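If you're wondering where the values come from, they're calculated on a predicted model, not measured in any experiment.
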Amino acid sequence: MKVTPDLLEKYAQGKCSPQEKAFIKNWLEDSQPEIDNSGPELTPFQENKIWDSINPDVTDYKDQNRLARKIWAVAASIALLISIGLGFKIFKVDQEMYLSGVGQTNTIVLSDGSIVTLNACSKLIIAKDFESDDRNVVLSGEGYFQVAKDSLRPFIISTPTSRTQVLGTEFNLKSYPNEAVTLTLDEGKVVFSGVGDQGTIKTILLPNEQAKFLAGHLEKDTVEASTYSGWVRDEWIFNDESFSDITKSLERKYGVKLMVNKPAIKAKTFKGQYVKPSLETLLDDMGFVLDFTYQRQGNNIIIY
């Protein structure tokens, strides 16, 4: 017997046989389950919400993070996580999944005419009934959305900690695991909601406004929106970004691992603009400005 989406759904509905119930409980307690457990980290609030939607009758394990990550791994592969009120609801659907690997971008034209460009290490999940009442998608990573206008059917993007609703607009949405969810609006109007332990925080964004949500805290600023989507044009545009944040982007783009052995530079910021630069060009310039040197050993780069 294997744990499948159908079996989990059957279990949630209380339709499993005693043998099936015992099997799933053993799976939930297994420290090495037979399922991809590499999903994004979740807040305790989200873990409880997702856990409750799969298994409302069993509460003994709700505080165990690994169980919530198992649920996310299953849900992300076969379902849409749609934020409802203060939490997330799991919808089992036929879906299409688009991936963009390390150093890659991927442009998808949806059935409604919307265009989504995925940045490196990103995933977009779309229901096959996408053109029903709502146009629901799930994003992990970063995407630039050019949403076709439709006043009757909202376009809704869900991530583990946010919900974005539009009717027709252009914006950049960044939601990598363990990083702030960042939405930067180019055109139109967006309703952006962050979901945290204290509930939902909602704001409306207009062109050249940006919202960041992390750990239950929402920040809103005025920015030059076009600089945040430079990656779509294969440009690097750094707006006084911390070196700690920059290293994450470099790792995804160039497929390397940066080991910073000079902690003092992590919080330092860098500003610059490049078109199709090599990794060495970026590191040389940053090293000069931020005062560090580096050594490359295969795909590992040691900074000191």
T200 to S193 - nearest heavy-atom pair and separation: CG2-CB, 3.7 Å
For S242, does its backbone N or O pair with a side-chain atom of T269 as donor and acceptor, under 3.5 Å? no
Please check this pair: side chain of T247 against backbone of D245, looking for a donor-acceptor N/O pair closer than 3.5 Å. no
Distance-minimising heavy-atom pair for Y98 and I126: CE1-CD1, 3.6 Å
Ignoring hydrogens and geometry, is there a side-chain-to-backbone donor-acceptor pair from S229 to V232 under 3.5 Å? no
Can you establish whether the number of heavy atoms outside K202 located under 6.0 Å from its atom NZ is more than 12? no
Main chain of L258, side chain of E251: is a donor-acceptor contact present, judged purely on distance under 3.5 Å? yes
Could you pull out the closest heavy-atom pair between S111 and F130, with the gap in Å? OG-CD2, 3.5 Å
A side-chain contact here means heavy atoms from C-beta on lying under 4.5 Å apart; do I303 and N261 qualify? no
Keeping K220 on the side-chain end and I204 on the backbone end, is there a donor-acceptor pair under 3.5 Å? yes
Counting neighbours of NZ on K268 that are heavy atoms of other residues, nucleotides or ligands and sit closer than 6.0 Å, is the number greater than 12? yes
Taking the side chain as every heavy atom from C-beta outward, state whether L250 and W236 have any atom pair closer than 4.5 Å. yes
Mind checking whether L173 and T159 have side chains closer than 4.5 Å, heavy atoms only? yes
Has R296 got a side-chain atom pairing as donor or acceptor with G298's backbone, closer than 3.5 angstrom? yes
Any idea which heavy atoms bring A148 and G113 closest together, and the distance? CB-C, 4.0 Å
Report whether L279 and F288 are members of the same hydrophobic cluster (ILVMFWY, side-chain heavy atoms less than 4.5 Å apart, transitive linking). yes
Of all the heavy-atom pairs spanning D285 and F270, show the shortest one and how long it is. O-CE1, 4.1 Å
Does some side-chain heavy atom of W231 sit less than 4.5 Å from a side-chain heavy atom of E142? yes
Ignoring hydrogens, what is the shortest heavy-atom contact between V181 and S162? Give both atom names and the distance. CG1-OG, 3.5 Å
Residues 147-157 vs side chain to side chain donor-acceptor pair (under 3.5 Å), sequence neighbours excluded, gives D150-R153
Just by distance, with hydrogens left out, do D186 and Y228 show a side-chain donor and acceptor under 3.5 Å apart? no
Check: E179 main-chain N/O paired with K248 side-chain donor or acceptor under 3.5 Å: no
How are the rings of F243 and F292 set to each other: parallel, tilted or perpendicular (split at 30° and 60°)? tilted
Compare all side-chain heavy atoms of V166 with those of F171 and state whether any distance is below 4.5 angstrom. yes
Taking side chain as C-beta onward, heavy atoms only, is L183 less than 4.5 Å from V190? yes
Would you call K271 and E241 a salt bridge, using N to O less than 4.0 angstrom? no
Contact check, side chains of H217 and I201, non-hydrogen atoms, under 4.5 Å: no
Would you confirm whether T227, through its side chain, and I237, through its main-chain N or O, come within 3.5 Å as a donor-acceptor pair? no
Looking at Y176, does the NZ or CZ of R252 lie under 6.0 angstrom from its six-membered ring centre and within 45 degrees of the ring axis? yes
Is the backbone N or O of L99 less than 3.5 Å from a side-chain atom of N106, with the two atoms forming a donor-acceptor pair by type? yes
Would a single hydrophobic cluster contain both L290 and V256, if residues Ile, Leu, Val, Met, Phe, Trp and Tyr are joined by side-chain heavy-atom contacts under 4.5 Å? yes
Looking at side-chain heavy atoms only, is the closest gap between K257 and N299 below 4.5 Å? no
